[in-house]
Amino acid sequence: MTTPASEPNPLVSIEFPVPFDRVRAAHVEPAIAGLLGTARARLQAIAAEPGPRTFENTMRALDALTEPLDYAMGVVRHLESVATYPELRAAFNAVQPAVSAFYTGIPLDSGLWRSIQAFAATPEAAALAGERRRFLHKTVEAFRRQGANLDAEGKRKLEAIDVELTTLTTKFSENVLDSTNAFELVIADERQLAGLPPSARDAARESAARKGRQGWRFTLHAPDYFALMTYLDDAAIRRQVYQAHSVRATSGAWDNRPLAGRILELRAQKARLLGFADFADFALEDRMAHTGARALAFLEDLKVKTEARFHQENRQLLDFRRSLEGSAAPALEAWDVAYYAEKQRAALYAFDEEALRPYFPLASVVAGMFELVEHLYGIHVSERSGVPVWDPQVHYYDVHDQDGAFLGGFYADWYPRENKRGGAWMEALITGGPVADGFQPHAGVICGNLTPPLGGRPALLTHREAETIFHEFGHLLHHLLSRVEMHGFAGTNVAWDFVELPSQIMENWCWERASLDLFARHWETGAPIPEELFQKMKRARTFRAASAQMRQLGFGYVDLLLHTRYRPEVDGDPVTYARRVLEPFMPAPLPPDHAVIAAFTHLFASPMGYGAGYYSYKWAEVLDADAFTRFRDGGIFSRDIGGQFRAAILSRGDSEDPAVLYRQFMGRDPDPRALLERSGLA
Ligand SMILES: [Zn+2]
């Protein structure tokens with residue numbers, strides 16, 4: 001496929017709305033090659049600047065360095081995720097190595113680093129305040145953290161560590177996938193499927209048929225595994241599958257145990273090379289927690305507040321089992337917990353998630369959510385047709401402020417397709433900045449893989465899917481409402497343990513009667529959710545919440561301890577060590593060969609990954625539950641509180657320390673009490 005010479009390449013300049021109808025695979029390589037050349041030239045121009053160092057010719061030039069490249073790569077990456085085809089994937093893969101090498105090389109460019117240090121030594125730099133001061137400070141810190149201060153020998157060492165980490169973590173994730181795929185269980189006797197719901201049986205039937213087999217086939221992938229653990233009556237089969245799952249990637253060619261040990265060693269070496277005590281301190285310096293010790297203390301506090309309820313829940317679960325099977329029924333094993341918990345949940349709440357679906361037609365969820373943010377933030381969302389999109393299913397919206405100012409636009413793409421990747425996400429496409437007469441508009445996308453319209457009905461969502469829409473829209477607001485000067489500080493470019501606050505807080509409006517009544521309406525009758533169903537839904541939310549919380553805390557502990565205190569010469573192999581750490585957080589004893597970290601891809605499937613960052617899940621929950629109490633207590637439609645949230649959080653990006661922003665909104669530091677209350681644990 002060639003491009004007519006007369007047609008300009010739509011990727012080489014930032015256009016709004018994005019000309020999605022004109023972007024072809026053939027545009028990718030020439031556009032990126034040209035933009036990379038421009039970015040390299042800009043980088044050299046900063047370093048070669050003949051005049052005196054100023055904020056404009058050094059820091060702002062650095063901030064703008066990759067802007068057109070970011071945009072083009074963003075558009076291509078986005079199309080590759082939502083409307084891919086072989087030529088586009090090939091073009092994307094072809095440009096990626098050079099692009100990522102360019103980005104990682106920026107902090108290691110000695111000319112650029114000297115320029116930044118030269119500017120930092122000027123009186124102008126010393127007199128900087130606010131956002132610009134922070135930008136200089138954070139740039140210097142980031143360069144240092146990425147090795148800018150190392151001598152040639154140090155840079156060589158760092159590169160060798162990074163190369164080995166990339167190789168090992170890639171192999172780690174391949175081993176998890178291969179050893180997961182190596183297991184299958186084919187059941188020939190239908191009686192052994194007792195307990196399993198029809199959807200899981202049908203899936204297993206199809207899975208067997210695809211392999212040319214009779215019967216029902218189960219793998220260790222999440223849907224099969226969780227269905228068996230939750231529903232299958234046959235305890236021996238549950239045990240067999242549980243054990244296969246818990247020893248994945250621990251034998252033969254797929255043994256991840258030595259890899260995990262070596263990855264930990266390399267991360268520790270890297271941290272020390274860059275001047276940090278351990279990998280956790282290195283990874284967290286720029287996050288809200290700042291140090292491994294503080295993140296550990298955070299987990300410890302929640303653990304202490306959760307433990308009593310956790311033990312109580314486990315006693316109640318055993319009592320429940322004995323109420324079914326007699327007082328001689330044995331203690332619960334690891335492969336029994338989900339199974340009896342599901343039976344207990346059904347007995348306590350008689351609540352079927354499916355009963356909520358008719359109340360969540362997608363169009364009304366979305367319309368109600370727009371109405372909600374109009375109340376809270378005074379912004380107006382309106383659909384605009386005729387804007388180029390990548391698929392007819394996609395909708396485009398304009399967002400205006402209460403004074404009529406155009407804030408930006410976004411695309412929403414909610415249904416699964418074969419040419420689209422799984423999951424739900426928000427992505428920034430264009431990041432505006434201040435201009436003489438105001439602010440340039442931002443643009444972003446929100447995507448999901450939600451239940452599509454079926455059998456002449458509109459798309460009817462689960463409650464969880466409605467929450468997903470609110471969640472991604474929260475990320476989008478963080479982007480669209482951003483009002484910061486420096487590009488690198490805009491929108492969601494914030495600390496990892498802060499970025500989920502704007503998204504997760506939105507989910508709270510999916511649990512309040514008054515806001516649900518805005519958007520949760522029966523698709524045929526328009527009736528709100530019946531009170532009885534609403535109450536069941538609320539009660540079921542806190543079922544075994546302490547156990548769920550302990551599990552997450554346990555993974556957080558394993559992660560942080562491995563990246564701080566673990567010493568192989570004293571603690572032995574990391575797999576055994578991790579099992580010992582995890583044990584007290586689990587509702588039943590772990591089998592002696594249980595090897596959670598051999599398949600813990602969050603921690604080991606990429607050089608950085610969630611390494612020393614798993615605690616962030618709980619950290620963000622504490623923030624969102626706590627921040628929402630202001631709305632809960634002061635009015636869930638309050639424009640006043642909404643305005644404060646917008647001013648302190650949504651508009652500020654990373655232009656100020658997130659702890660300061662949080663304090664601006666709450667008047668104090670985060671308090672975990674609201675999360676404990678919301679989970680029924682306080
Ligand atoms: Zn999120």
Side-chain angles (χ1 to χ4, degrees), residues 74 77-78 81-82 222 283-284 286-289 362 365-366 369 372-373 376-377 410-414 416 420-429 431 442-450 461-482 489-511 548-549 552 555-556 559 601-603 605-606 608-611 613-628 631 645-646 649-654 658 661-662 665 670 674-675 678-679:
R77 189 181 306 112
H78 169 64
S81 350
V82 294
L284 304 189
D286 190 30
R287 305 203 189 154
M288 258 184 113
L362 185 136
V365 169
V366 166
M369 180 174 73
L372 171 69
V373 296
L376 290 174
Y377 307 124
F410 69 95
Y411 304 81
D413 182 355
W414 291 127
K420 179 175 170 184
R421 75 169 164 94
W425 68 93
M426 187 290 289
E427 190 112 47
L429 287 174
T431 299
H442 303 290
V445 290
I446 38 180
C447 299
N449 281 271
L450 308 176
L461 308 180
T462 63
H463 181 247
R464 183 63 214 142
E465 287 177 321
E467 282 186 308
T468 299
I469 292 184
F470 274 64
H471 180 105
E472 299 309 333
F473 193 63
H475 282 308
L476 185 82
L477 290 176
H478 201 189
H479 176 58
L480 291 181
L481 300 181
S482 173
F489 280 165
T492 56
N493 290 320
V494 297
W496 193 348
D497 47 11
F498 185 66
V499 72
E500 297 297 331
L501 167 60
S503 52
Q504 284 180 190
I505 197 171
M506 288 294 292
E507 296 176 27
N508 289 284
W509 278 273
C510 296
W511 290 94
Q549 178 143 300
Q552 289 298 86
F555 291 144
D559 170 33
T601 48
H602 279 84
L603 304 195
S606 69
M608 194 77 191
Y610 267 83
Y614 198 88
Y615 76 91
S616 313
Y617 285 112
K618 274 293 150 198
W619 186 279
E621 279 180 51
V622 164
L623 297 185
D624 94 71
D626 189 33
F628 185 70
F631 292 100
F645 191 71
R646 180 176 173 182
I649 311 282
L650 293 177
S651 67
R652 300 292 300 277
D654 196 32
L661 297 181
Y662 192 83
F665 178 64
L675 174 63
R678 189 171 78 183
S679 316

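Ligands are counted one by one from 1 in listed order, and the atoms in each one are counted from 1 as well. Hydrogens, waters and symmetry mates are skipped; everything else that's a heavy atom, side chains included, is used.
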query: By atom name, which N, O or S atom of E500 is the nearest to the Zn ion (ligand 1)?
result: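 For E500, the N, O or S atom at the smallest distance from the Zn ion (ligand 1) is OE1.
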
field: the Zn ion (ligand 1) - closest N/O/S atom in H475
entry: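 Per the distance ranking, H475 contributes NE2 as its closest N/O/S atom to the Zn ion (ligand 1).
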
query: Between atom CD of E465 and atom CH2 of W414, what is the distance when rounded to the nearest 0.5 Å?
result: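 Result: 10.5 Å between the selected atoms.
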
- request: Return yes if a side-chain donor-acceptor contact under 3.5 Å exists between H471 and E500, otherwise no.
  value: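 The criterion, which ignores hydrogens and geometry beyond distance, is satisfied for E500 and H471.
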
- request: Mind checking salt bridge (charged side-chain N to carboxylate O under 4.0 Å, His left out) for E467 and listing every partner two or more places apart, or none if nothing turns up?
  value: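 Once residues adjacent in sequence are excluded, the partners of E467 under the salt bridge (charged side-chain N to carboxylate O under 4.0 Å, His left out) criterion are R464.
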
- request: Tell me, please, if E472 has any N/O/S atom, main chain or side chain, under 2.8 Å from the Zn ion (ligand 1)?
  value: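 Under 2.8 Å: E472 has no N, O or S contact with the Zn ion (ligand 1).
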
query: Does S482 offer a backbone N or O that forms a donor-acceptor pair with the side chain of H442 under 3.5 Å?
result: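 Yes: the side chain of H442 pairs with the backbone of S482.
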
